[in-house]
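To start, the structure under review is shown below, and the notes come after it.
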Amino acid sequence: MAAMHPRTIVHIDLDCFYAQVEMVADPKLKDKPLGIQQKNIIVTCNYPARARGVHKLMYINKVPKVCPDLIIRDGSNLKRYREASEKILDHLRGWTPEVERLGMDEFFLDVTHMVADEQEKMEKKLDFVGHVYRGETLTLIETQTRNESHVPSCTAKVHHCRCGCYQRLMTGSHIAQRIRTSLYQTLGYTASAGISVGKMIAKLSGELKKPNQQTTMLPAYIDGFLAPLRVRKIPGCGYSTSKKLASLGIETVTQLRNLSKQKLIKAVGAQIGGRLHDLAFGLDTSHVVATVREKQMSEEDSFKSCTAIDDVALRILSILRPLLERVRMRFQKHGDLPSTLRLTIRDRLSHQKTEQSKINTSGGAYFTTRTSRQTTIPLGFFHPENKKQEGYCVDHLMKLFFKMIPRKNQRFHLTLINVAVARFQAFGGAGKLGKQHGIDSFFIQSPTKTAPSSEDNIPTTRMAHLEHVKHTTDATRISQTARKRKFKTPPSFFRPRPPVQCTSGERAPQPERRQPAEQPVEPEPVTAEEIDALYITAARVTP
DNA sequence: ATGGGTCCT
DNA sequence: AGGACCC
């Protein structure tokens with residue numbers, strides 16, 4: 001008979017990640033209370049700070065009362081955190097290629113093969129390392145401090161699963177320990193880890209003992225561990241789903257187990273419902289999907305108020321520049337470029353006191369809906385040698401903005417702007433030009449005179465000119481169609497993946513959605529005056 | 001809330 | 001394009 005719990009999954013969670021990156025970079029901070037600030041919030045803090053009563057997402061104005069000597073570092077530039085996360089990802093890949101990243105600071109590792117290799121070499125371990133969950137009444141026990149034989153008699157009956165997972169998890173606990181130790185010794189980072197037979201339970205296990213500790217969860221204890229948990233604790237059951245469940249009177253996993261799968265699916269949909277039902281019983285066959293590269297990149301800024309067009313242009317530009325820098329870095333490293341550009345905004349005036357703004361039970365905070373528009377851009381547009389990409393991008397993004405705020409005198413009150421690029425495709429060689437055509441043909445355009453449409457006034461101010469961009473489309477259409485042929489048949493980099501092997505009992509992989517055929521669009525030409533206007537604006541962004 | 005990301009509908 | 005989820 002096939003093993004009931006064939007896999008060994010390790011979940012690694014870096015301790016207070018942003019704060020740790022700062023402490024590794026500047027060891028003086030290590031034993032002092034440290035908080036990381038973004039806007040008016042301490043988004044995370046180290047453990048000395050937590051001991052003083054500082055916590056995540058604490059408003060900065062509360063800090064003086066609880067910890068007046070808190071050292072505060074600005075965390076609004078994520079660059080170093082991203083880089084640290086990449087280093088950690090690479091390090092973990094040195095142990096196994098099967099590493100999946102979640103956010104910047106969490107990683108799933110499927111160590112099934114590592115466990116098998118180790119067991120083949122007759123290197124069977126006689127005990128666990130780290131904590132092992134043994135139920136509520138027994139509490140967690142630090143295994144090194146116990147003085148017992150390798151199968152503790154008091155619990156022998158309960159955790160002796162005949163499928164062999166007991167030995168595999170024991171080996172897995174040692175692998176997790178080695179990984180954590182090497183992570184600390186090579187990069188200086190401490191992490192907490194959970195070890196079990198599935199992703200969800202490994203993740204939940206790791207949360208039991210933090211920081212810099214690890215916990216193994218044996219299958220025999222999974223049901224009992226999950227039973228009293230609030231459904232909201234289950235990964236995948238977020239704010240909205242837990243509210244829907246609460247309206248059915250369901251707040252705990254035990255209550256969830258007593259709801260039929262049919263009713264659950266009716267309440268929250270087939271995908272989430274089916275998965276939640278399984279997870280309630282600890283059944284989790286989801287795979288560790290090796291993380292490759294980001295599928296999109298975005299930069300955003302939130303603020304109290306942005307109500308003027310020129311302010312929009314200004315903020316877009318200041319967001320755009322670091323994003324373009326990231327696109328360049330990625331191109332140097334991987335030789336791919338994005339072909340989608342997206343603008344997302346949060347507009348208070350569009351969502352005022354409508355049903356779209358919900359009240360959060362905990363803080364009474366507002367969730368205002370974001371709206372977005374995106375456009376396809378020719379491959380090569382983001383090539384580092386396209387000197388006008390900044391100008392073209394602002395042009396495109398302002399057009400996208402006017403798609404969302406269409407009326408000329410429409411008032412708006414933005415509180416967030418996000419610019420994203422997506423749909424990366426290989427382009428030439430890393431950092432090299434597409435030699436066959438000459439890179440210039442992809443984006444260099446002769447200046448095109450724009451003619452204002454008849455009823456429009458010719459803009460007299462710089463910012464009116466920026467707004468004017470949205471009316472220039474017709475005048476440039478002829479030159480567009482003339483050049484369109486060049487982009488008619490872009491190389492397709494969406495090759496079908498080889499079929500994934502599916503062992504019996506495991507969930508079949510989701511069929512991949514077809515990408516619609518690409519029809520790249522020319523960037524709108526920008527006049528010399530518009531470029532000038534942009535650069536006057538740009539000069540104001542970085543004085 | 002922040003400033004990112006993912007996948008599903 | 002939006003919604004829900006994750007950190």
Side-chain angles (χ1 to χ4, degrees), chain A residues 11-18 35-45 55-62 74-82 85 89 100-108 199-200 203-204 206-207 231-244 268-276 279 286 289 291-304 319 322-323 326 340 342-346 350-351 355-356 358-360 362-375 400 403-404 415-422 509-513:
Chain A
H11 178 259
I12 305 260
D13 187 343
L14 277 287
D15 301 321
C16 54
F17 184 57
Y18 289 2
I36 307 300
Q37 182 177 8
Q38 283 173 343
K39 295 286 150 54
N40 289 323
I41 295 168
I42 299 293
V43 290
T44 192
C45 57
H55 51 80
K56 290 179 182 177
L57 302 180
M58 175 182 260
Y59 280 98
I60 201 82
N61 58 17
K62 305 286 178 199
D74 178 17
S76 49
N77 185 350
L78 301 183
K79 190 177 180 206
R80 288 177 309 121
Y81 308 144
R82 266 189 214 106
S85 180
L89 178 59
E100 177 179 346
R101 177 165 54 178
L102 186 61
M104 276 196 252
D105 65 335
E106 291 189 16
F107 304 86
F108 290 101
K199 286 170 76 176
M200 174 198 67
K203 180 173 159 69
L204 292 178
E207 285 176 22
V231 292
R232 184 67 232 267
K233 279 277 179 191
I234 300 176
C237 185
Y239 175 84
S240 176
T241 302
S242 57
K243 288 301 158 219
K244 285 175 192 165
V268 303
Q271 184 87 18
I272 301 249
R275 224 182 109 68
L276 274 192
L279 290 177
S286 63
V289 178
T291 291
V292 191
R293 273 166 236 156
E294 301 113 302
K295 295 174 176 165
Q296 54 174 298
M297 283 182 186
S298 64
E299 293 262 341
E300 70 183 39
D301 193 10
S302 62
F303 31 79
K304 278 268 141 51
I319 288 166
L323 182 62
R326 279 211 274 156
T340 292
R342 180 171 62 235
L343 178 71
T344 304
I345 61 173
R346 196 172 56 195
S350 305
H351 299 282
E355 68 282 21
Q356 285 138 328
K358 303 172 187 171
I359 307 279
N360 181 354
S362 58
Y366 288 92
F367 294 126
T368 51
T369 308
R370 298 166 175 221
T371 74
S372 70
R373 294 293 183 274
Q374 58 179 285
T375 185
L400 294 174
K403 275 192 185 177
M404 292 182 275
T415 56
L416 176 138
I417 297 177
N418 177 300
V419 177
V421 293
Q510 297 299 314
E512 207 168 324
R513 216 179 302 180

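Only a predicted model underlies this, so the values are computations on that prediction, with no experimental measurement involved. Here is how names work: the chains are called A, B, and so on, in the same order as the sequence lines, proteins then strands, and each is numbered from 1.
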What contact category does A:L57 fall into here, base, sugar-phosphate, or nothing, at under 4.0 angstrom with non-hydrogen atoms? base
Given atom CZ of A:R370 and atom C1' of B:dG5, what is their separation to the nearest angstrom? 11 Å
Below 4.0 angstrom from OP1 or OP2 of B:dG5, is there any side-chain N or O of A:R101? no
Closest to the A:R373 side chain, choosing from B:dG5, C:dC6, C:dG2: C:dG2
Looking at A:Q296, does any N or O in its side chain come under 4.0 Å of the phosphate oxygens OP1/OP2 on B:dG5? no
Would you tell me if any nitrogen or oxygen in the side chain of A:R342 comes within less than 4.0 Å of OP1 or OP2 on C:dA1? no
Taken to the nearest whole Å, CD1/A:I272 to C1'/C:dC5 is 7 Å
How close or far is atom P of B:dT6 from atom CG of A:N418, stated in whole angstroms? 12 Å
Base, sugar-phosphate or nothing for A:K79? Non-hydrogen atoms, less than 4.0 Å. nothing
Look at the side chain of A:T371 and decide which nucleotide, out of C:dG2, B:dG5, B:dT9, has an atom nearest to it. C:dG2
OP1 or OP2 of C:dA4 less than 4.0 angstrom from a side-chain nitrogen or oxygen of A:T241, does that happen here? no
Starting at atom NZ of A:K199, determine the distance to atom C1' of C:dC6, rounded to an integer number of angstrom. 11 Å
Is there a side chain to side chain contact (heavy atoms under 4.5 Å, CB included) between A:S286 and A:M200 once you walk through the steps? CA-CA 9 Å; A:S286 63; A:M200 174 198 67; over 6 Å; no
Given DNA chain B, 5'-ward residue of the pair A:E294 and A:I41, judged by closest heavy atom: A:I41
Provide the closest heavy-atom pair for A:V231 versus A:S242 in the form atom of the first, atom of the second, distance. CG2-CB, 4.3 Å
To the nearest 0.5 Å, what is the distance between CD1 (A:I36) and CD1 (A:I41)? 14.0 Å
A:S76 side chain near B:dT2 phosphate (N/O to OP1/OP2, under 4.0 Å): no
Phosphate contact (B:dT6 OP1 or OP2) by A:K295 side-chain N/O below 4.0 Å: no
Please report the C-alpha distance between A:R370 and A:E300 in whole Å, then the side-chain angles of each, then the deciding distance to 0.1 Å, and finally whether the salt bridge (charged side-chain N to carboxylate O under 4.0 Å, His left out) criterion is met. CA-CA 12 Å; A:R370 298 166 175 221; A:E300 70 183 39; 3.4 Å; yes
Rounded off to whole Å, could you give me the NZ-to-P distance for the A:K56 and C:dC7 pair? 9 Å
In whole angstrom, what separates A:F107's CZ from C:dC6's P? 18 Å
Of the nucleotides B:dA1, B:dC7, C:dA4, which has the atom closest to the A:Y59 side chain? B:dA1
Less than 4.0 angstrom from a charged side-chain N to a carboxylate O is my criterion; do A:E294 and A:R82 meet it? no
Among B:dT2, C:dC5, C:dG3, the one nearest any side-chain atom of A:Q38 is B:dT2
Taking only N and O in the side chain of A:S298, is any of them less than 4.0 Å away from OP1 or OP2 of B:dG4? no
With respect to the phosphate group of C:dA1, does any side-chain polar atom (N or O) of A:K403 fall under 4.0 Å of OP1 or OP2? no
Whole-Å distance, A:E299 CD to B:dG4 P, equals 5 Å
Is A:S240 near enough to C:dA4 that one of its side-chain N or O atoms lies under 4.0 angstrom from OP1 or OP2? yes
Go through the structure and list residues passing side chain to side chain contact (heavy atoms under 4.5 Å, CB included) with A:A422, not counting sequence neighbours. A:Q296, A:T340
Quickly work out the A:L416 CG to B:dT2 P distance and round it to whole Å. 8 Å
Is there a side-chain contact between A:S302 and the phosphate of B:dG3, meaning an N or O under 4.0 Å from OP1 or OP2? yes
Residues in side chain to side chain contact (heavy atoms under 4.5 Å, CB included) with A:L102, at least two apart? A:E106, A:F108, A:K203
Of A:A270 and A:E300, the one whose nearest nucleotide on DNA chain B sits closer to the 5' end is A:E300
Starting the side chain at C-beta, find the nucleotide from B:dT2, C:dC6, C:dG2 nearest to A:L102. C:dC6
